[in-house]
Every structure is written in C-alpha cells, then in structure tokens.
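Structure, as structure tokens:
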Amino acid sequence: MAALIELSGIERVFQLGDSAVHALTHLNLTVDAGEYVAVMGPSGSGKSTLLNLLGLLDHPNAGSYRLEGRDVTTLSPEEQARVRSQRIGFVFQSFHLVPRLTAAENIALPMTLAGIPPDERQRRVTRALADYGLANRASHRPNELSGGQRQRVAIARATIMQPAMILADEPTGNLDRATGEDVMRLLEELNGQGVTLIIVTHDLVLGARARRQLHMEDGSLRRDERTCASPT
Amino acid sequence: MRLPDLIGFARGAAAGNPLRTALLILAMAIGVAAVVVLTALGDGARRYVVGEFSSLGTNLVIVLPGRSQTGGFNPGNAITNTPRDLTVDDAQALLRASAVRRLAPLAVGTSEISVGGKLREVMVAGTTAEFIDVRRLELAQGRFLAAGDWRRGANEVVIGAKVREELFAATPALGQLVRVGDRRFRVVGVMAATGQGLGMNTDELVIIPVSLAQAMFNSNTLFRILVEAHSRESIEPAKTQVTDIIKQRHEGEEDVTVITQDAVLATFDKLLGALTLAVAGIAAISLAVAGILVMNVMLVSVTQRTAEIGLLKALGATAATIRTAFIVEAAMLSMTGALIGYLLGEGGAALLRQLYPTFPAYPPDWAILAGLGTALVTGILFGVLPARQAARLDPVLALGRR
C-alpha cells in the first residue's frame with residue numbers, strides 16, 4: 001500500500017519572546033492510506049501542532065511533508081487551499097460551525113467554497129443529512145442542535161468533499177460519554193470505508209481504540225505502537 | 001466560489017450583525033443624501049437665476065449710453081469722457097440692422113401721477129408699442145401704446161397693476177383721465193401683475209410714449225435701447241451691427257455699451273455652477289468619512305470573525321475567496337447605503353420644491369452619478385484593507401481562539 005503521509009525531519013519552532021520553543025523536533029512519520037491513528041500525549045507535547053501541519057494549516061521550519069507522493073510544503077497558498085479542500089476533512093473539538101448558517105448550509109460550505117453547482121450540492125447534502133440521521137434538522141441553526149448533532153453536522157461537513165483523510169482534534173472533548181461514543185462510531189465507520197483517520201486525544205481509552213497509537217512528548221515521537229486490528 | 005454564493009454569503013454575514021450593518025448603511029446614506037440635497041440646492045439656485053433672467057425677454061441685446069469699463073482703456077475716453085446722448089434717432093437707425101427683429105427705446109424718470117384727490121410718486125417709462133413684445137410682458141386690461149411715429153405720441157398711458165389698485169381700487173381704470181407730471185393722459189391699458197422679479201418691476205410703472213416722456217423730463221437721451229435679435233444665433237451679429245451703426249452716427253466713437261443677456265446669464269451660470277461644485281465637494285467629504293467608517297467597521301468585523309475566517313481556510317477557502325467575500329460585503333453595504341441615501345436625497349429635494357415652489361431644486365444628473373459612484377468606490381476601496389487583513393489571517397491562530 002502506498003504511503004499517504006510521509007514526514008521526514010520535520011522541525012517546528014515557535015518564537016515566544018526571547019526563547020524559542022521547539023514544538024516539533026526531528027519528526028519522521030509514515031502513515032498509510034486507510035490507517036486509523038491516534039496521536040496521544042500530554043498538553044504541550046506538540047500533537048496539535050502535528051495535526052495542523054498534517055492539515056496544511058501550519059508550515060514546518062524544516063523537513064518535508066509528502067502527501068500522496070507530492071511534496072506539499074513547497075506548494076503555493078492557493079494550491080494548499082485546494083489540497084485542503086479536496087483531500088482533507090477537519091473535525092474540531094468545539095465543532096466550529098458557522099452560527100448563522102443552517103445545518104444543511106454548514107454541511108454544504110466546503111462545496112460552496114469550492115464552487116460546486118447548487119443542484120449537485122443539494123443532492124450531496126440531502127444524502128449526507130440522511131446518512132448522519134439529521135434529515136429533520138436540515139434547517140436548524142447550530143444553537144438549536146444538541147452537542148452530538150453539532151458534531152455530526154461537523155463530520156458530515158468534513159466528509160462532504162470525499163477527502164482522503166480526516167483529522168479530528170479531540171472530537172469527543174465537548175461531548176458526554178454516550179454521544180462521544182456515537183461520534184467515534186461514526187468516524188470509525190468512515191475509516192472502515194477506507195478514509196484515513198487521524199485523531200488527536202489525551203484520552204487513553206479513546207486512543208486505545210485506534211489500531212496505531214503515536215505517543216508524543218516534548219515535540220518528538222516517543223512510541224509508535226500498533227495493536228492488531230481486532231476483526232469484527 | 002460562485003458569484004450568487006458569494007453574494008448570499010456576504011448578505012448572511014451582514015444580516016448576522018444588524019446593528020453594525022444598519023450603522024454602516026446609515027453613514028453611507030447620509031453621505032449620499034448630503035450630496036444629492038446640496039447639489040439640488042446649488043443647481044436650483046443656478047436654474048432660478050437663469051430662469052429669472054430669461055423672463056426679461058429672449059435674444060435681448062441692451063444698448064446703454066456711455067462706455068463702461070468693460071472695454072479696458074481707450075485713448076478716446078481720456079479726451080472726451082462725456083458721452084453723446086443716445087437718441088430716439090439712434091434707436092430708429094438701429095432698425096436698419098439685418099439681425100435686429102424689433103427694438104424699443106426706453107427713457108426713464110420719476111414723476112407724480114394723480115387722479116381724483118389721490119397722488120402717488122411713480123417711475124415713468126417712455127417707450128414705444130414694441131416694448132411689450134420685446135420685454136415679453138402681458139396686459140391685464142385694455143391695450144398697449146398705439147404704434148405710430150416715435151416722435152409724436154398720443155396722450156395715452158398704460159399703468160402697472162399696483163398703480164391701478166392704489167389709484168382706482170375697485171372702480172374701472174380704462175378710459176379715465178390721469179395727470180402725470182404736468183400733462184393729462186388717458187388710461188388705455190393695465191399691465192398684468194408680474195410679481196417679484198430681478199428686472200424692473202412693471203407693477204409700479206406707468207408707461208407713456210417716448211416722445212412725451214422726453215419732453216416731460218426735458219432730455220434727449222434714452223436710458224436704454226432694448227433690441228431683440230431674430231434668434232439666439234443672431235445675438236452676436238446684432239451686437240456688432242448695433243455697435244457699428246451707433247459708432248457711425250457718433251462720429252466714429254464707440255461711446256455706448258452693448259450688453260447681451262447671454263453674457264450676463266453666462267456669468268451667473270458659471271458662478272452658480274462653481275458654487276454647486278464647491279457644495280458637492282463639501283458633501284463628498286462626508287462620503288469619504290462614510291468610507292473610512294466602512295473600513296473601520298469592516299476591520300472590527302475581521303477581528304470578530306477570526307474564528308470563522310480560520311474555519312473557512314481550513315475548509316479549503318483560498319485567500320482570494322476570503323478577500324472577495326469581504327470586498328463583496330463592503331460593496332454591498334455601500335451600495336445599499338448609497339441607494340437609500342439617493343432616495344432620501346430625492347425626497348429632501350422634493351420637500352424643498354414643495355416648500356419653495358419657485359425654487360427648482362432638482363439634483364443634477366452628474367451629481368447623482370458622482371455621488372453613487374463615489375460611495376461605491378470608497379466602499380470598495382476602504383473594504384480592500386480589511387479584506388486583505390482577513391485573507392492574511394493565520395488559520396491556526398484563528399482556529400486557536402475557542
């Protein structure tokens with residue numbers, strides 16, 4: 001299987017006043033397409049920085065990042081935006097829905113930004129709403145939805161462009177256990193369909209569900225564990 | 001992003017903060033309304049004055065005795081500075097000029113008019129039958145002076161509306177004998193009331209044949225010769241012909257001043273046109289202020305919407321898309337404000353016309369176009385800076401604020 005992500009020698013340094021903080025130091029990582037990876041570690045270990053980097057929201061100070069065999073660190077901002085639009089879906093801890101848009105409009109937002117015609121958008125949104133059990137919530141605004149519903153809208157939005165990978169930053173952090181479980185099952189189902197899933201969490205139980213766990217500490221990878229996928 | 005989506009998105013963003021949107025639109029509206037109303041005032045003043053001058057008569061060339069200073073220094077003036085009289089013969093000679101349609105000599109003086117026991121001081125105009133046509137005046141009753149030899153005139157008088165009212169009140173004036181100065185005249189006509197005007201007010205005038213007026217004031221000279229040219233185009237030829245004829249008759253000396261109504265009009269037109277421009281300039285400042293306000297509010301809006309901008313970037317929006325979205329929003333707000341301001345301004349001008357019916361307060365087309373154009377341009381121009389700010393925003397930082 002071809003590697004989806006190849007990171008080599010990644011350095012990320014933040015300048016905080018006089019001192020330089022090494023958020024990531026000499027990081028090498030390969031992730032294959034279709035993997036289910038949990039990135040774990042205490043706060044400040046660099047896991048969010050890693051996720052931003054993988055999502056092309058941040059740039060490394062050194063090293064190279066190859067996504068699907070293409071070096072994306074040297075792409076222009078416009079091309080990077082296109083890669084984000086076509087290949088990457090984000091799911092955030094605090095959902096990040098646009099409050100003035102309805103659930104359907106929020107789901108359609110990536111397609112709107114990509115300039116997909118309205119009837120095609122309509123078709124895909126209707127199917128996504130049905131798939132995620134939101135059919136009767138289409139015209140509700142985020143503040144009229146429960147936390148679980150909001151995160152389902154966010155996941156529908158992340159998948160609407162059929163990306164190669166989904167980057168989830170503490171996707172259950174703002175949810176109770178039952179709805180969190182619900183959301184995780186949704187994400188894992190997507191992974192089952194072949195979408196690469198990378199989850200950042202400091203919840204060990206949650207991390208243990210992934211087939212591969214990356215433990216980070218002080219900006220570098222401490223352990224890279226693979227648990228055999230339990231056949232279900 | 002497709003254009004309808006962009007517009008929809010911008011509209012949603014604008015509607016998401018009604019107070020901000022309302023204030024912006026208000027500022028823009030006030031700016032444009034100011035331009036429209038002030039230029040309507042300025043241009044109204046111009047039209048009013050031009051209109052008043054036109055009511056003096058059209059295609060008018062006026063001959064005054066004496067050389068006025070408009071010609072600059074003339075060696076002839078240094079030697080003889082008492083001009084020759086402008087006589088009835090001069091006036092009659094002007095009839096030879098091909099560009100002249102008709103003309104009326106005018107001698108003016110003050111005298112007393114009395115009838116019964118009533119006596120009143122009046123301005124007496126001595127002229128001929130053509131006067132009423134040249135000046136475009138109207139009669140209320142009777143007829144004007146009879147046409148005939150300018151050198152002889154019947155003892156007839158045409159009185160102004162106010163004079164008639166004061167001397168005769170409700171009793172009929174036509175056919176009555178009145179005394180003007182030391183002569184008796186029969187009233188043959190009454191002028192229609194003209195109301196307020198810039199020119200000579202005929203309401204308080206009594207008009208008698210020019211020969212009798214000259215005899216009454218014991219003078220040969222005329223106050224003016226009013227010449228009407230055939231058309232607008234023949235005003236200039238008429239002016240040169242009139243000057244030439246008078247010059248010939250006055251032994252080669254150009255001792256009269258010939259002014260055209262056009263020249264006076266053009267001066268006023270230019271003067272008040274400049275005034276309108278100046279006023280428009282002042283109003284444009286308020287538009288610029290509105291533009292800066294748009295910029296400020298949009299900048300604040302960028303800071304308030306950092307999270308949203310970061311999200312849009314994460315979802316694949318390019319910097320160009322975000323820039324366009326913000327500019328479209330600024331342009332939309334400006335345009336809405338400008339349109340509302342335009343309607344307000346037109347309303348204000350209409351109100352002015354309602355309050356002062358004689359005052360034609362219509363905003364000129366150029367001012368409307370300039371006002372709307374400036375509003376749109378400032379809105380977009382001042383929208384660019386916030387839009388660039390938004391587009392440059394680092395998505396990580398933007399998303400980091402939870």
Side-chain angles (χ1 to χ4, degrees), chain A residues 12 14 23 48-53 55-59 75-102 105-118 120-121 141 154 157-158 160-161 163 167 169-170 173-174, chain B residues 1-22 298 301-329 332-333 387-402:
Chain A
R12 184 72 178 101
F14 292 111
S48 287
T49 309
L50 176 62
L51 199 75
N52 288 336
L53 233 127
L56 292 178
L57 294 176
D58 201 358
H59 308 279
L75 293 180
S76 71
E78 264 58 40
E79 287 170 314
Q80 289 189 342
R82 190 157 48 241
V83 171
R84 277 201 296 274
S85 163
Q86 309 286 342
R87 310 307 296 156
I88 304 171
F90 288 93
V91 176
F92 304 96
Q93 179 179 2
S94 46
F95 324 129
H96 278 299
L97 301 178
V98 181
R100 62 166 186 275
L101 300 181
T102 64
E105 285 167 340
N106 264 296
I107 294 173
L109 194 53
M111 294 191 287
T112 312
L113 291 170
I116 290 174
E120 168 73 7
R121 292 205 302 254
R141 287 177 207 286
R157 183 180 65 189
I160 202 80
M161 292 293 287
L167 303 174
D169 191 356
E170 305 273 13
N174 280 2
Chain B
M1 218 165 158
R2 302 159 77 86
L3 188 65
D5 290 334
L6 261 175
I7 292 171
F9 191 82
R11 196 179 48 219
N17 196 338
L19 183 66
R20 174 180 74 94
T21 305
M298 291 303 288
S301 164
V302 169
T303 348
Q304 282 174 345
R305 279 150 68 185
T306 359
E308 183 187 322
I309 295 163
L311 172 71
L312 292 179
K313 283 198 163 179
L315 296 182
T318 60
T321 303
I322 289 172
R323 204 160 44 227
T324 321
F326 268 80
I327 291 179
V328 165
E329 190 182 335
M332 232 166 60
L333 292 177
R388 286 179 49 166
Q389 184 113 347
R392 266 208 309 268
L393 217 62
D394 187 350
V396 176
L397 281 178
L399 282 171
R401 295 186 203 166
R402 294 189 173 144

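Values in this document were obtained by computation on a predicted structure and should not be read as measured data. Letters A, B, ... are given to chains in the order of the sequence lines, protein chains preceding strands, and every chain is numbered from 1.
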>> Heavy-atom cut-off 4.5 Å, strictly under: side chain, backbone, both or neither for B/A13 against chain A?
In response: both
>> At a 4.5 Å cut-off on heavy atoms, which part of B/L6 comes close to chain A: side chain, backbone, both, or neither?
In response: neither
Report which part of [X] has an atom under 4.5 Å of a heavy atom belonging to chain B: side chain, backbone, both, or neither.
X      : answer
A/D58  : both
A/R87  : neither
A/L57  : both
A/P163 : neither
A/L167 : neither
A/P110 : both

>> Which residues pass the ring-ring contact (aromatic ring centres under 6.0 Å, His included) test with B/F9, not counting sequence neighbours?
In response: none
> Between B/E329 and B/R20, does at least one N-O distance fall below 4.0 Å, as a salt bridge requires?
Replying inline: yes
> Pick from B/A314, B/G16, B/A319: which one has the most heavy-atom pairs with chain A under 4.5 Å?
Replying inline: B/A314
>> When you compare the side chain of B/R305 with that of B/N17, does any pair of heavy atoms fall below 4.5 Å?
In response: no
